[in-house]
Amino acid sequence: MEPLEIITQPGFVEQYAIPWSLRILVALLIWFIGKWIAGRITSVVKKVMAKTGMDAMLVQFLGNILYTLLLIAVIIAALDHLGLQTTSLLAIFGAAGLAVGLALKDSLSNFSSGVMLILFRPFKVGDFIEAAGTAGVVEEVRIFSTMIRSGDNRQIIIPNGQIYGGTIVNVSAKPTRRIDLVFGIGYGDDLKKAKQIIAEVIAADERILQDPAPSIALGELGDSSVDINVRPWVNTPDYWPVRADLLENVKLAFDANGISIPFPQRDVHLHQVKSA
């Protein structure tokens, strides 16, 4: 029987067209309203978790999982209203999920790595980290990936598996950091005077901590310079500003006091060979 003949049969509109149109309309309403409700519930739950003092990274991660589960429930409810056997459908989804899971093992690895990052918390939102060959401030840990903002304000998305499976350097984990600098002076310069100048520059900077005390010590007798190791401690947020200021101020102080900073050089001796 042709489709046009089926449509023009008596009672088709009353028995099929109108009921199914209403079912589809209600299913769409269930989807859109359910999606809105899922978003509202997730937002409320995240606010409650945040008020309890829960870590922001954990709040965002659990919120994403909750929203996904609620959307799945909404989809099942919409399909159930259409008359589909959701029990059988869940069994089919389970079998399909196993096949898809084997095909998307990397995604599952990223998911499990995300869970491990949340549980063991090697870093939190706002920390500056070095991981998976990049560095930046952690903005969000999602189900499969982590969002990082680089120093030049680029957004970097890293799969969680690459982060958890590699080395993680958390620069912000400790409240203080040590600045490691090396200043080279000439062999003809006064070593004690140079160390005194460095000590005065350090003492003049209030951002440098006195506990632990700064270290100024002879590091090495190099090929073309006497190297002085300078290791002051600062609060972690002050690391880069203090490092830059120390380099500049020590250089200016050396120049003002006649202390040279030699560059690598090599003496070449030429011997004239007399011909026979």
side-chain contact (heavy atoms from CB on, under 4.5 Å) between Tyr164 and Thr146, worked out: CA-CA 11 Å; Tyr164 190 73; Thr146 295; over 6 Å; no

Cluster check Val169, Tyr239: I/L/V/M/F/W/Y, side chain < 4.5 angstrom: no

Side-chain donor or acceptor of Ser112 paired with backbone N/O of Ser109 under 3.5 Å: yes

Residues Asp190, Lys192: salt bridge by 4.0 Å N-O rule: no

Distance-only polar pair, side chains of Asp127 and Asn170, donor-acceptor under 3.5 Å: yes

Check ion pair Asp238-Arg177 (N to O, under 4.0 angstrom): no

Nearest heavy-atom neighbours spanning Val234 and Arg207: CG1-O, 3.9 Å

Cluster check Trp233, Val171: I/L/V/M/F/W/Y, side chain < 4.5 angstrom: no

Leu66 side chain near Val45 side chain, heavy-atom distance below 4.5 Å: yes

Expected output: side-chain Ser43 to main-chain Gly39 donor-acceptor under 3.5 Å: no

Cluster check Phe144, Leu69: I/L/V/M/F/W/Y, side chain < 4.5 angstrom: yes

Shortest non-hydrogen separation from Lys174 to Thr236 and the atoms involved: O-OG1, 2.6 Å

Shared hydrophobic cluster for Met116 and Leu62 (ILVMFWY, side-chain gaps under 4.5 Å): yes

Name of the residue among Asp180, Val201, Ile198 meeting side-chain contact (heavy atoms from CB on, under 4.5 Å) with Val230: Ile198

Where Ser224 and Pro262 come nearest, the two heavy atoms and their spacing: O-CG, 3.3 Å

Heavy-atom side-chain proximity of Val137 to Ile148 below 4.5 angstrom: no

Pair Thr176-Asn235, side-chain donor/acceptor within less than 3.5 Å: no

Minimum-distance pair of heavy atoms, taken over all atoms of Ile143 and Asn160: O-ND2, 3.3 Å

Check: Phe61 main-chain N/O paired with Asn64 side-chain donor or acceptor under 3.5 Å: no

Verdict with supporting geometry, Lys251 and Ile261, side-chain contact (heavy atoms from CB on, under 4.5 Å): CA-CA 8 Å; Lys251 173 63 169 63; Ile261 300 179; 3.6 Å; yes

Charged N-O contact under 4.0 Å between Asp245 and Arg243: no

Residues, nucleotides or ligands: over 12 heavy atoms within 6.0 Å of Arg121 CZ: no

Step-by-step side-chain contact (heavy atoms from CB on, under 4.5 Å) determination, Lys46 to Thr42: CA-CA 6 Å; Lys46 288 167 67 174; Thr42 303; 3.7 Å; yes

Single-linkage hydrophobic cluster, 4.5 Å side-chain cutoff, Ile259 and Leu252 together: no

Passing candidate, side-chain hydrogen bond (donor to acceptor under 3.5 Å, both in side chains) with Arg149, options Gln155, Glu139, Glu140: Glu139

Heavy-atom pair of closest approach, residues Ala194 and Ile185: CB-CD1, 3.8 Å

For the student: nearest non-hydrogen atoms of Ile158 and Ala131, plus distance: CD1-O, 4.1 Å

Side-chain heavy-atom pair Arg142, Phe111 within 4.5 angstrom cut-off: no

Lys35 vs Val74 side-chain heavy atoms within contact, under 4.5 Å: no

Aromatic ring pairing Phe254/Phe183, orientation class (parallel under 30°, perpendicular over 60°, tilted between): perpendicular

